[in-house]
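Right, one structure below, let's go through it.
Numbers for residues simply follow the sequence, beginning at 1.
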Amino acid sequence: MRAYLARVDAVLVQAVIAAALSFAHLHDVASAAGQDGWKAWAYPVSVDLLLVAAWRRLRSGEAKAAGWCWFLIALAASLGANVATAGLLDLDHVPAWLRILVAGWPAVAFLGGTLLVHSSPTTHDEPSDAVGQEAPEDIEDQEDAPDPAPEPPAAESAPVPPPAPPPVALVEHARKVAAEHHARTGRAIDTPTLRARLGVAPPMADAIAAHL
């Protein structure tokens, strides 16, 4: 973490030094070209703002050609001021073409900043808001399609035959079980108890109970 902070601090120090020197050189060139007072300080601000706007456009990933174009223009203005103040230009006798460039720079910077910041980004095709809507062709195909055939009526359920009568021997045995239950409990035997004692199915138990 400390090594990372050290690298970041070094980069920040270099950036501050480079910005300060470039700022001062641009101010000196503008002042030598006849822009005195606050106007000489406004020139380096406009150059740095154009550099920032171009860099942000390059970072956004949209219209990189315009971003690179204005970034190189602002970089050329900054580097040109640095080179001019390094002794290659007599600041006491500035040529006319440099005065023209300095005088026209505000309009160029304003145009570049406006195009970079306020130009609309490329819009991507968005999916339709109506998810699941059918296309007109699909609707027409559905209208032209034949109606589905009616389903045949369900077959009427056959009548359930009545249960067969219980065997006589089983009924006699059930009577004995019922009599034994009554003698032991004093109550008539119910159908569930009868079914449990005889071990028959519920319909057969009901049929036997009907004969008791």
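Side-chain contact check for Leu50 versus Leu116: some heavy-atom pair is nearer than 4.5 Å. No side-chain heavy atom of Tyr43 sits less than 4.5 Å from a side-chain heavy atom of Ser31. Side-chain atoms of Leu101 and Trp97, non-hydrogen and from C-beta on, do get closer than 4.5 Å to each other. Looking at heavy atoms from C-beta onward, Phe110 lies in side-chain contact with Thr114 at the 4.5 angstrom threshold. The closest side-chain heavy-atom distance from Trp70 to Leu51 is not below 4.5 Å.
Using a 4.5 Å cut-off between side-chain heavy atoms of Ile, Leu, Val, Met, Phe, Trp and Tyr, with links allowed through other members, Val29 and Ile73 fall into the same hydrophobic cluster. The cluster map of Ile, Leu, Val, Met, Phe, Trp and Tyr, joined by side-chain heavy atoms under 4.5 Å apart, puts Val52 and Val45 in different clusters. Residue Trp55 is grouped with residue Trp68 when hydrophobic side chains (ILVMFWY) are merged at heavy-atom distances under 4.5 angstrom, including chains of intermediate members.
Annotation for Arg175: atom CZ counts as buried by contact number, over 12 foreign heavy atoms lying within 6.0 Å. The local environment of CZ in Arg59 is sparse, with at most 12 non-hydrogen atoms from other residues, nucleotides or ligands closer than 6.0 Å.
Across Leu26 and Ala81, no two heavy atoms sit closer than the pair CD2-CB, 3.3 Å. When all heavy atoms are compared, the tightest approach of Ala109 to Ser46 is CB-CB, 4.2 Å. Heavy-atom minimum distance, Val102 versus Gln35: CG1-CG, 3.8 Å.
Residues forming a side chain to side chain donor-acceptor pair (under 3.5 Å) with Arg99 (at least two apart in sequence, or on another chain): none.
Between the side chain of Thr185 and the main chain of His181, a donor-acceptor pair closer than 3.5 Å is present.
Among residue pairs with one or both ends in residues 189-201, those qualifying as side chain to side chain donor-acceptor pair (under 3.5 Å) are Asp190-Thr193; sequence neighbours excluded.
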